[in-house]
Amino acid sequence: MPIFSRYVQEARPYALTAAAAVGVTLLFLRVLRSPTSAVLAAYAAALTVLAYLNLFALLVVGAHGIALILSRGPLLQWACAATPALAAVAPLAWLGSRQSAQVGWIPRPAADDVGRLAVQLFGDLGGATGPGVAPPTWALAFFGLAYAAVVGVRRARAARRMEEPAPEHAPEPGEEHTPEPAAGRADGPGARAETPGHERAGTPAALVRLTLPWLLVPALVLLAASWTVHPVYVFRYVFCCVPAAALLAGAGLAALPPGLAAAVLTAWLGLSVPGQLATRGPDGRQDDPRPVMALLAAEAQPGDGVLFVPAKVRKYETVYPSVFGRLRDVALARSPEQDGSFPGREVGARVLAARLDGLRTLWVVGHTGKNVLPARRRALVTRTFAPAGRWTFRGLFVDRYVLRHAHRSNGAGVGK
């Protein structure tokens with residue numbers, strides 16, 4: 001899936017979290033089948049590791065609880081393993097709650113975020129890379145669900161037929177009546193032996209009971225919390241749920257005749273190529289700061305001012321000190337290191353106005369998604385400065401402002 005390549009290439013914990021979620025779920029299946037002390041201890045330890053990789057990934061334990069109830073599994077033993085894991089994670093959750101400003105930039109989810117979630121959960125990037133793999137993955141997943149429903153209905157009917165008592169008839173003269181062996185009756189001890197626990201856990205219905213909560217619960221909880229309490233939803237926080245969609249699609253693929261399954265898989269792989277190339281190539285990043293830095297290094301003069309839109313774009317000061325070390329960060333009050341945040345802390349309007357006084361050139365560097373200064377700051381800047389050029393790059397833009405009395409409208413410095 002291209003969405004895996006999107007996060008695997010980053011030096012961040014989300015791909016590792018997805019792998020840990022798969023491992024935790026494998027241990028959860030062991031809990032369902034054989035809840036020994038060793039298995040329960042391993043499950044508790046794995047849950048703790050998962051939460052310390054990403055706190056929101058612990059929502060998988062809620063999905064496991066629902067799957068356990070639907071499967072009529074060993075609820076008490078599972079709770080005995082999940083409870084110490086939750087206790088071990090409580091200090092991290094407490095510390096995280098005291099640093100909620102770190103996710104203060106997250107906006108409230110909109111309708112297009114929900115639509116993009118449906119695309120990304122099923123393996124696509126959610127960008128302009130053609131039809132992508134999401135539509136065929138949806139189709140395979142729905143076919144897997146339908147196949148599981150059909151198999152479940154057939155098994156239920158067969159079980160009811162086995163439970164119905166056979167019609168008794170009087171033996172013919174000379175015919176001896178031999179009782180049916182217990183192993184052949186649904187209520188005999190042999191019936192349980194014919195459907196051991198590990199076989200029942202391997203049915204299509206069992207796959208659905210596992211994957212649907214895993215796929216839906218973490219995302220729905222984060223969306224609900226973002227709409228009602230505080231915005232915390234970002235897709236990468238529920239990236240660990242993508243393997244559930246892959247399992248559902250795999251179930252649909254496995255239910256097809258072999259020849260058709262091979263053709264569908266080949267077509268699916270073909271549709272994945274544009275997304276893989278888009279995310280693995282040099283343009284696979286959301287932004288490219290290199291041309292911005294080349295522009296500032298060539299055009300900006302020592303002592304020029306710089307503003308960042310939004311403030312978290314200030315992170316490039318740390319990455320490119322040779323460029324920004326020559327410029328005056330006119331809005332900075334406390335550095336990111338001092339403030340313990342990505343954007344740092346910025347000054348108010350009065351201090352900013354005083355710092356702008358005496359500047360001849362001001363550079364505004366920002367993300368193209370938020371490509372304008374806030375209204376109050378724009379009014380403050382345009383009162384003294386005139387726009388003298390704009391450059392746009394992938395994901396970033398640069399605006400140049402010069403003092404009005406020094407500005408000449410001869411087209412010089414106008415960017416592309």
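All of these numbers come straight from a predicted model, not from anything done at the bench.
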Checklist entry - How are the rings of Tyr316 and Tyr320 set relative to one another: parallel (under 30°), tilted (30 to 60°) or perpendicular (over 60°)? => result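 Ring orientation of Tyr316 relative to Tyr320: tilted.
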Checklist entry - How are the rings of Tyr237 and Phe56 set relative to one another: parallel (under 30°), tilted (30 to 60°) or perpendicular (over 60°)? => result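 Ring orientation, 0 to 90° scale: tilted.
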Is there a side-chain contact between [X] and [Y], using heavy atoms and a 4.5 Å cut-off?
X      : Y      : result
Asp113 : Phe235 : no
Leu256 : Leu140 : yes
Leu117 : Val238 : yes
Leu295 : Val292 : no
Leu68  : Pro74  : yes
His230 : Ser100 : no
Val365 : Val309 : no
Arg383 : Leu380 : yes

Checklist entry - What do you reckon, is CZ of Arg376 surrounded by more than 12 foreign heavy atoms closer than 6.0 Å? => result no
Donor-acceptor contact below 3.5 Å, side chain [X] vs main chain [Y]:
X      : Y      : answer
Arg314 : Pro343 : yes
Ser34  : Arg30  : no
Trp138 : Ala118 : yes
Ser97  : Trp94  : yes
Trp227 : Pro109 : yes

If you look at every heavy atom in [X] and [Y], which pair is closest and at what distance?
X      : Y      : value
Leu359 : Gly303 : CD2-O, 3.4 Å
Pro91  : Ala88  : CD-O, 3.4 Å
Leu55  : Ala93  : CD2-CA, 3.8 Å
Asp124 : Ile3   : O-CD1, 3.5 Å
Ala20  : Leu50  : CB-CD1, 3.8 Å
Val313 : Gly366 : CG2-CA, 4.3 Å

Nearest 0.5 Å please: distance from the [atom1] atom of [X] over to the [atom2] atom of [Y].
X      : Y      : atom1 : atom2 : result
Asp399 : Leu362 : CG    : CG    : 9.5 Å
Cys240 : Leu58  : SG    : CG    : 10.0 Å
Leu307 : Glu346 : CG    : CD    : 7.5 Å
Arg290 : Arg394 : CZ    : CZ    : 7.5 Å
His367 : Leu396 : NE2   : CG    : 5.0 Å
Ser71  : Ile66  : OG    : CD1   : 11.5 Å

Item to check | Lys NZ or Arg CZ of Arg12 over Tyr7 ring: under 6.0 Å, within 45° | outcome: no
Item to check | Audit row: Asp304, Arg328, side-chain contact (heavy atoms from CB on, under 4.5 Å) steps and yes/no | outcome: CA-CA 6 Å; Asp304 285 354; Arg328 294 171 57 187; over 6 Å; no
Item to check | Chi angles and distances behind the side-chain contact (heavy atoms from CB on, under 4.5 Å) call for Leu210, Phe28 | outcome: CA-CA 10 Å; Leu210 174 71; Phe28 171 70; 3.9 Å; yes
Next on the checklist: Arg355: which residues meet the salt bridge (charged side-chain N to carboxylate O under 4.0 Å, His left out) condition with it, sequence neighbours left out?
Outcome noted: none
Checklist entry - With sequence neighbours left out, what residues match Arg334 under salt bridge (charged side-chain N to carboxylate O under 4.0 Å, His left out)? => result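 Per chain and number, Arg334 pairs via salt bridge (charged side-chain N to carboxylate O under 4.0 Å, His left out) with Asp339.
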Next on the checklist: Test side-chain contact (heavy atoms from CB on, under 4.5 Å) on Tyr233 and Leu223; report intermediate values, then the result.
Outcome noted: CA-CA 6 Å; Tyr233 168 76; Leu223 285 173; 3.7 Å; yes
Checklist entry - Can you find a side-chain donor-acceptor pair between Thr279 and Arg6 that sits under 3.5 Å? => result no
Next on the checklist: Checking Trp268 against Thr137: is there a side-chain donor and acceptor pair closer than 3.5 Å?
Outcome noted: yes
Next on the checklist: Under the criterion side chain to side chain donor-acceptor pair (under 3.5 Å), I'd like the reasoning laid out for Ser226 against Arg108: C-alpha separation, chi angles, the key distance, then a yes or no.
Outcome noted: CA-CA 6 Å; Ser226 298; Arg108 197 172 302 277; over 6 Å; no
Checklist entry - Would you call Glu10-Arg236 a salt bridge at under 4.0 Å N-O? => result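 Looking at Arg236 together with Glu10, the answer is no, because their closest N to O distance does not fall below 4.0 Å.
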May I have the list of side-chain donor-acceptor pairs in residues 76-85 shorter than 3.5 Å, sequence neighbours left out?
unit_1: Trp78; atom_1: NE1; unit_2: Tyr43; atom_2: OH; d: 3.0
unit_1: Thr83; atom_1: OG1; unit_2: Ala79; atom_2: O; d: 2.7

Next on the checklist: Using the rule given for ring-ring contact (aromatic ring centres under 6.0 Å, His included), can you reason through Phe308 versus Phe324, listing the C-alpha separation, both sets of side-chain angles and the distance that settles it, and then say yes or no?
Outcome noted: CA-CA 12 Å; Phe308 296 101; Phe324 289 105; 5.5 Å; yes
Checklist entry - Can Leu70 and Val208 be said to form a side-chain contact (heavy atoms from CB on, under 4.5 Å), step by step? => result CA-CA 10 Å; Leu70 295 176; Val208 172; over 6 Å; no
